[in-house]
Amino acid sequence: MTIFDRPNFLRIVLGIDAASCAIMGLGLVADARAIAKITALSSTLMTVAGLVLLPVALFIAIVAAQRPIPAIGVWIVIAGNLAWGVASVALLLTGTIAPNVVGALLVVGQAVAVLIITDLEYMGLRHQRRQALG
């Protein structure tokens with residue numbers, strides 16, 4: 001038995017995604033100015049990103065709570081995560097933002113974390129589909 005064979009693997013990964021979005025969103029909204037000072041990123045960007053993450057967290061939590069977990073919901077989460085990861089890196093590469101080293105590490109680090117979670121969600125969805133097909 002692999003980790004993907006566990007019956008609640010996808011639900012757990014979605015729960016982690018929802019929790020991390022909520023925590024990051026609340027943190028960004030609550031401390032946007034302090035984060036901006038440390039990272040040289042705009043406090044407006046931090047606030048907006050935080051406000052975007054809060055309904056995303058709720059959506060992911062709703063998807064995770066469904067029985068069975070709807071594939072279309074997971075695909076929406078995966079698409080959103082991919083867009084977030086790509087957009088984060090694009091902001092750096094295009095020069096749209098000019099963070100300091102700490103800010104660049106924050107942007108890249110969270111993008112990598114999002115893409116890892118996305119990969120786990122994809123693997124969990126594939127396993128769920130295989131289980132349903134018998």
Side-chain angles (χ1 to χ4, degrees):
M1 175 183 262
T2 69
I3 192 168
F4 308 110
D5 295 326
R6 300 191 186 280
N8 288 321
F9 175 78
L10 180 57
R11 193 173 314 282
I12 290 167
V13 173
L14 288 167
I16 291 168
D17 195 357
S20 65
C21 285
I23 291 166
M24 183 74 137
L26 290 171
L28 289 174
V29 170
D31 291 330
R33 287 194 178 133
I35 295 168
K37 287 180 184 175
I38 295 168
T39 61
L41 292 164
S42 156
S43 63
T44 301
L45 176 64
M46 299 295 96
T47 301
V48 170
L51 291 172
V52 167
L53 286 171
L54 295 175
V56 168
L58 179 60
F59 176 78
I60 297 170
I62 290 169
V63 170
Q66 301 299 306
R67 297 208 185 264
I69 298 172
I72 187 67
V74 180
W75 280 117
I76 292 168
V77 171
I78 288 170
N81 283 348
L82 288 173
W84 183 276
V86 169
S88 296
V89 174
L91 286 173
L92 284 174
L93 295 178
T94 62
T96 304
I97 59 174
N100 59 24
V101 172
V102 173
L105 289 172
L106 175 67
V107 172
V108 171
Q110 63 81 37
V112 169
V114 167
L115 294 174
I116 289 169
I117 288 174
T118 304
D119 189 43
L120 292 172
E121 288 164 341
Y122 175 71
M123 288 187 270
L125 183 61
R126 282 183 45 201
H127 180 74
Q128 177 178 280
R129 187 175 54 205
R130 275 190 247 124
Q131 292 262 355
L133 295 174

Taking all heavy atoms of [X] and all of [Y], pick out the closest pair and write down the distance.
X	Y	value
Ile60	Leu14	CG2-O, 3.2 Å
Arg11	Gln66	NH1-O, 2.9 Å
Val107	Ser88	CG1-O, 3.4 Å
Leu41	Pro99	CD2-CB, 3.6 Å
Leu120	Phe9	O-CE2, 3.5 Å
Leu51	Val29	N-CG2, 3.7 Å

Taking [Y] as the starting point, is it possible to reach [X] by hopping between hydrophobic residues whose side chains are less than 4.5 Å apart?
X	Y	result
Val13	Trp75	yes
Leu53	Leu58	no
Met123	Ile116	yes
Ile38	Ile97	no
Ile72	Phe59	yes

Spacing of [atom1] belonging to [X] relative to [atom2] belonging to [Y], to within rounding of 0.5 Å:
X	Y	atom1	atom2	value
Asp119	Ile78	CG	CD1	9.0 Å
Glu121	Ile16	CD	CD1	9.5 Å
Thr39	Asn100	OG1	CG	6.0 Å

(request) With the side chain counted from C-beta on, respond yes when Trp84 and Val56 share a heavy-atom pair under 4.5 Å apart, and no when they do not. (result) no

(request) Take Leu54 and Leu26 through the test side chain to side chain contact (heavy atoms under 4.5 Å, CB included) and record every step on the way to the result. (result) CA-CA 7 Å; Leu54 295 175; Leu26 290 171; 3.9 Å; yes

(request) May I ask you to decide if Leu10's main-chain N or O and Gln128's side chain share a donor-acceptor pair within less than 3.5 Å? (result) no

